[in-house]
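Residue numbering restarts at 1 for every chain, and letters A, B, ... go by the order of the sequence lines. Below, each value reflects all heavy atoms present in this structure, side chains not excepted, and no hydrogens, waters or symmetry copies.
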Amino acid sequence: MDSIAIETILSGMLRGATPLILLGIGICICERSGVLNLGQEGMLSVGAVAAFIVMAETGGFWSSTLAGVAAGAAMAVLFAVPTLNLKASQVASGLALTIFGLGLAALLGASYTGTTLPEPPKLIADINLSSSLLRGLLLHGPLVYLAFGLAAAALWLLRSHAGTVLDACGHDPHAAAHLGTNVTAVQFAAVLFGGAMAGLAGAYLALDYTPVWNEQIGGGRGWIALALAVFASRLIGRLLLGALLFGSTSVLQLAVQTTDLNLSSHLLAAMPYLITIVALVLLSLRPPGNRRARTPRHLGEPT
Amino acid sequence: MIHFEPRTSASPLWQFMSPCVAVIAAVLVAYLCLELSGLAGTVIIYDFFIAPLTDEYMRVEILGKASPLILCALGLALCYNANIWNIGAEGQFIVGAIAASAIALHPPDLPAALSILSIALAGAAAGLLWSSITAGLKVWLGVSEILTTIMLNYVALHLLAFIVNGPLRNPDGFNFPESALFTEAVILPSLHADYFVTSGILVSLTLAVLFWLLHTRSLYGFKLRLLGEDPTSLAFLRTRQSFLIMATMAISGACAGLAGALEMIGPVGQLTMHVGFGFGYTAIVVAFLGRLHPIAIVVAAFVLSLTYIGGENLQIMHELPEASTSIFQGALLLCLLSTDSLVRYRIRWRPSPSPATS
């Protein structure tokens, strides 16, 4: 394998994995508190459109990122109030949020269709790195590294006292309430955090991954990340592994296209979704009884 | 402080009122959003909801768009009653449309009525197979149906792109991603002399009545509700959950596939990338707005069909994107789910805040 191939594979993997890691961290935290939010795709798209508009109008990278985060969190409120305060069905509310968010993103972004944003800043200026390994790892936008930093922070959080409280809310909200935890408040915070992370993932997509606006910017990543969280048993370490594996499928897609297999590009585009199904099937074949792999007992149920 | 007190039984008043309040609330939300973004709210709301009712062509279109929505929502409601979260009507609709088009482009040498029947059956069978993938994975391997149905929606969309760019592309179509037009013989007859009103609506309405009978008068309907509310008690009826889930998903998929087929040989008349129209997703809103009840679903389908036509109006008159319709649909479902809590809970004021909110 030559050096250019190594660089392409590494960089494609990191770039493909970043939005899934960001989404996945939010989903893991949210689901461990016992809340199943299927509105990821909607929050992702609204986060993306907010970041895109602010970037196109002001040109500030960090203020645009912040706009994406804020928009994602604001969307999450629309999910949290019906489900946590009014005890509506989480599955249905999440679907509603996705339908709403996709529409809102399309409406707000309509006048920007085809607009291209300026090149995002790189963390390290393009110094003449000779090693293709280092080039593949280091020459990315800051949000790629932020994703890994946030993963480390989430790992630490989940092992702290706060993580225990979060798990308690997910496994046995009544017991947690008896011990003095305000379960609704914890879950509300977790849902807001999930929204902020989805918004951040959207900001990454809009500012760095594909800085040209189109309605389908999410591309089903919200759903794939939900599957990834199941696959990872809501554990951050496995999530990172899964996201990196998944990120490399886009590289694989390009690789297959260059071979003589002569597969239709349309069928290849369906691959990530098929791989997700296969991953879920493989997961189900795993022997039961893994203590750490337990799904929060009260996931998706109103308390 | 507000406190939710569970009712001993669902409130019949609010079961009826909740969808009405939700529609009004969603319209108010839409109005506020429009005014806040500096658009003429009143005019747009009028063109969205009222204008489609004043014009005969648009009234006819509402009827046409309601037909696939009813079919998809009937199947979905069956699943939701049993707590099966099928969100794959969109994909099942698309594969139904593909299968129907494959036959409609090469119609069998049969009388018109029979070839139309074979097309409709092909669509239903394709939808059934598509949903059975999900059902099989759920029943035998315990894979969540929510994620597989969504993934299969995306797969179906890419499959459609492959089909219209490859096997079924019109050879004389200048490489446009669309099939040739179907021959007149396989198109459903129109119910209206001047405008095309698909007779598919008759199929939808008939099935709505049949589903109502199935739901209220059959043992299957009873078992289905049992599966949703208390699955363990099914064992006393000597019914296996897995069989019930497979059957329900199959019926649901067949409905969506049939909707796709009837849409193809009805108003559309050729396979293109735009066969979906998001009917499968809108049908979710229809099913909930219709309280998962087959007859109420028909009413709900007309309300949401109106928003399709209203959305087209906005596109033409106000240059708003087509997708703005789904803002209203999403807001409507969120409002509905919120007002639905009044069916199951009473709101009470309690003077002192309680320490544990559970």
Side chain from CB out, backbone as N, CA, C, O: work out which of these in [X] comes under 4.5 Å of a heavy atom of chain A, or both, or neither.
X	answer
B/Leu334	both
B/Leu332	neither
B/Leu141	both

What residues of residues 130-138 of chain B sit under 4.5 Å from chain A when you count only heavy atoms?
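Those residues of residues 130-138 of chain B which have a heavy atom under 4.5 Å from chain A are B/Leu137.
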Top contributor to chain B interface from A/Ser93, A/Pro82, A/Ala106, A/Ala110 [non-hydrogen pairs under 4.5 Å]
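Answer, by heavy-atom pair count under 4.5 Å with chain B: A/Ser93.
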Best-contacting candidate, A/Ile277, A/Val91, A/Thr113, A/Leu280, against chain B by heavy atom pairs under 4.5 angstrom:
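If we count pairs closer than 4.5 Å to chain B, A/Val91 comes out on top.
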Tell me, out of [options], who's got the most heavy-atom pairs with chain A below 4.5 Å.
options	answer
B/Trp85, B/Tyr281, B/Tyr80	B/Trp85
B/Leu147, B/Ile87, B/Leu333	B/Leu147
B/Ala331, B/Ala161, B/Gly166, B/Cys335	B/Ala161

About how many Å separate [atom2] of [Y] and [atom1] of [X], when rounded to the nearest 0.5 Å?
X	Y	atom1	atom2	result
A/Ile99	B/Thr282	CD1	OG1	7.0 Å
A/Leu226	B/Ser144	CG	OG	9.5 Å
B/Ile146	A/Leu95	CD1	CG	7.5 Å

Answer with side chain, backbone, both or neither: which region of [X] has an atom nearer than 4.5 Å to a non-hydrogen atom of chain B?
X	answer
A/Gln216	neither
A/Val230	side chain
A/Leu38	side chain

Please evaluate residues A/Trp223 and B/Tyr154 with respect to the criterion side chain to side chain contact (heavy atoms under 4.5 Å, CB included), reporting the C-alpha separation (whole Å), side-chain torsions for both, the decisive distance (0.1 Å), and the verdict.
CA-CA 10 Å; A/Trp223 296 107; B/Tyr154 284 102; 3.7 Å; yes
Between B/Arg344 and A/Lys87, is there a donor-acceptor pair closer than 3.5 Å when you use the side chain of the first and the backbone of the second?
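Yes, B/Arg344 side chain to A/Lys87 backbone: donor-acceptor pair under 3.5 Å.
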Kindly list each side-chain donor-acceptor pair under 3.5 angstrom involving residues 266-276 of chain A, sequence neighbours excluded, with atom names and distances?
unit_1   : atom_1 : unit_2   : atom_2 : d
A/His266 : NE2    : B/Asn165 : ND2    : 3.1
A/Tyr273 : OH     : A/Gly219 : O      : 2.9
A/Thr276 : OG1    : A/Pro272 : O      : 2.7

Work out which heavy atom in A/Gly103 is nearest to a heavy atom in B/Ile327; give both atom names and the distance.
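So the two residues come closest at C-CG1, 3.3 Å.
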